[in-house]
Structure formats: C-alpha cells, structure tokens
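For reference, the structure discussed in these notes is given below.
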Amino acid sequence: MASRIVESCAAACCALLILLGTTSAEAALRVVATFPDVADMARQIGGDRVSVETIAQGSQDPHKVPVKPSFVTKLNRADALVVNGLGLEHTFLPALLEVASNPKILPTGAAYIDASVYVPVLEVPTSQNRAQGDLHPLGNPHIGLDPVRGKLMAKAIADGLTRVDPAGAASYQAGLERFTALLDRKIAEWQRLAAPLRGVKAVSYHQDLIYLADRFGLEMVGTIETKPGVAATAGHLEGLIDTMKREKVKLVIREVAYEMPLARTVAEKTGARVATISTLTGGLPGTRTYVDSIEANLKALLGAVQGGAPG
Ligand SMILES: [Zn+2]
C-alpha cells in the first residue's frame with residue numbers, strides 16, 4: 001500500500017514537473033531584437049525566461065536591412081523589443097512598428113529596450129545640416145564593436161527586461177553578472193592580444209570604428225565612403241589615397257556587408273592590406289555569439305597588421 005502511494009505520488013510529481021516545464025516554456029518572455037548583438041546579450045542575460053528572435057542578420061549592413069512581412073508578425077506578438085538605438089535601426093524599424101500594432105514596444109512604450117542609453121555617444125554632429133551624412137544624425141551608433149561599451153549595453157538590456165518582467169529581476173541580475181564577468185575575462189585577454197594594433201593607422205569602408213579604435217588604439221584616418229551612407233566619388237578616393245600614402249596607412253578595414261573590390265583597389269594603390277570584419281555579431285564565418293564576433297574581428301585585424309593572408 002505504502003509503495004503504491006509512493007508510486008502514485010512520484011507519477012503525480014512527474015506529471016506536475018512536465019506541466020510546469022511546459023508552462024514555463026510557453027510563458028517565456030517573447031523578445032524581438034533588431035540585431036544579433038543585442039539578441040545574443042538578451043539570451044545570455046535572460047536565459048530560459050526569454051525566447052529571442054532577431055530581425056537582421058550578422059552579414060547585413062545595419063543601415064540597409066531588407067524589410068520582410070514576417071518581421072511585422074514577430075513584432076506584433078513581442079512582449080519586448082531590444083534595439084541597439086542611436087538611430088541604427090532608423091532605415092527599417094519605424095516603418096515596421098507603424099504596422100505592427102503593438103504600442104508597448106513603441107519608443108515611448110515600457111517594453112522598448114534601448115541598449116544605448118548608458119553609452120556616452122561619440123561623433124555627435126554639432127549641427128543638424130546632415131553634413132556628416134544621413135545615417136548618423138544622433139552620433140555614431142556602432143557602439144557594440146567595443147566590448148567595454150558592450151557591458152553598458154548589457155546592463156541596459158538587463159534593466160529593460162526587469163522593467164518588463166519584474167518577477168525575473170533576480171534572474172536577470174544574475175544573468176547580467178555572469179555575462180559581465182565573461183566579458184571582463186575576455187576583455188583582459190583581448191587587450192593583450194590586440195597590443196600590436198595600438199597606434200596603427202587605418203581606413204575603414206564605413207565610419208563605424210570609432211568605438212573599437214578608441215578601445216584598442218587604432219588611429220582612423222578616413223573612410224572609403226565619402227560620408228556615412230554616401231558612396232565614394234572619384235575625387236574623394238583620390239584624396240583618401242593621397243592621405244594614406246602621406247600618412248603611411250597600411251590597413252584597410254572592410255566591413256563584411258560592404259563590397260570587397262573597392263577596398264582591395266584602395267589597398268593595392270597604397271600597399272595596404274585588407275582586413276574583413278563584421279560590425280554585427282555573426283557576420284564572419286564561425287561566429288555565433290557577441291564574444292565570438294569581437295574576437296574574430298580582432299584576429300582579422302591582427303592578421304592583416306601582422307602580415308597574414310590578406311582579408
Ligand atoms: Zn553607420
């Protein structure tokens with residue numbers, strides 16, 4: 001008799017655990033993230049409490065994400081939206097939000113989580129005459145390329161998830177601490193790894209490396225684009241090549257979403273090497289997480305600086 005009770009209790013407990021398991025999976029907070037960087041951070045911080053879907057892919061130009069109807073469905077059902085912020089989504093998100101019929105994830109809503117809020121912004125235009133191009137009107141939005149600023153983004157995401165789901169506060173705090181500790185370990189390693197980059201002069205295709213350069217000591221001398229989002233003209237390229245020759249710039253950084261031939265031409269005319277990096281997580285082969293991507297970028301830069309195979 002006693003053993004039958006134990007057995008039936010065990011069965012009931014099993015059923016309850018299965019039920020709870022199912023319930024918690026179903027109840028996961030539905031998070032939509034605009035970019036893979038902030039998506040990875042939300043997953044690392046949120047763990048099992050969140051299910052995260054991403055809009056853009058890592059190999060895409062963040063300023064030119066093609067809009068698909070499926071994004072509207074995702075946004076319509078979202079409990080929270082995580083964005084990079086600083087206008088990096090401005091070419092696709094406002095239009096999607098307009099039709100997604102989900103007021104809580106609008107920029108004015110409580111479930112709109114802006115990862116940039118704790119990051120001091122660089123290259124803020126002093127005037128709004130669009131002289132710096134149309135793509136960076138709020139300052140340079142490419143904050144995630146620096147992992148120290150990445151920690152501030154993670155904190156903003158943890159705070160946002162807590163605001164949307166207060167019952168998970170302790171869990172998000174623990175997730176943030178775990179992710180920050182991981183980044184701290186990696187940052188110490190990356191600072192040693194990246195020592196040969198210090199003082200190296202470089203040009204990039206797009207004006208997106210200010211934060212990375214600031215962290216690891218690269219000196220950015222110019223861009224292949226005339227201005228952010230404005231294609232190179234022959235006159236601009238001539239000036240850039242002259243500057244590179246004069247300043248002995250031997251590194252051309254080509255972001256994976258931008259075309260290789262022009263970067264290669266500039267490099268050939270100046271005796272520089274090309275390093276291919278990705279401004280978004282997951283844009284380079286073999287990278288999946290934010291940490292993978294920062295590391296792959298550094299290795300690509302070091303490979304070019306130290307004379308490895310051209311990127
Ligand atoms: Zn940009």
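Here, residue 1 is the first one in the sequence, and each next residue gets the next number. Whatever order the structure lists ligands and atoms in, that order sets their numbers, starting from 1. All values reported here derive from a predicted model rather than from experimental measurement.
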Open item on the list: I need the full list of ring pair (Phe, Tyr, Trp, His ring centres under 6.0 Å) pairs touching residues 265-306, with sequence neighbours left out, sorted by first then second residue.
Closed with: none
Task: Donor-acceptor side-chain pairing of Thr34 and Glu89 below 3.5 angstrom - done: yes
Open item on the list: Using a cut-off of 2.8 Å, how many protein N, O or S atoms sit around the Zn ion (ligand 1)?
Closed with: 4
Enumerate, atom names and distances included, each donor-acceptor pair closer than 3.5 Å involving a side-chain atom of residues 63-70, sequence neighbours excluded.
from  : atom 1 : to     : atom 2 : distance (Å)
His63 : NE2    : His136 : NE2    : 3.3
His63 : NE2    : His142 : NE2    : 3.3
His63 : NE2    : His206 : NE2    : 3.2

Open item on the list: Here's a test for you: under side-chain hydrogen bond (donor to acceptor under 3.5 Å, both in side chains), which of Asp165, Asp159, Thr162 qualifies with Tyr172?
Closed with: Asp165
TODO: Only pairs at least two apart or in different chains count here, so list each side-chain hydrogen bond (donor to acceptor under 3.5 Å, both in side chains) that has a residue in residues 237-250.
DONE: Lys201-Glu247
Open item on the list: Can a side-chain donor-acceptor contact be found between Arg254 and Thr276 if the only test is distance below 3.5 angstrom?
Closed with: yes
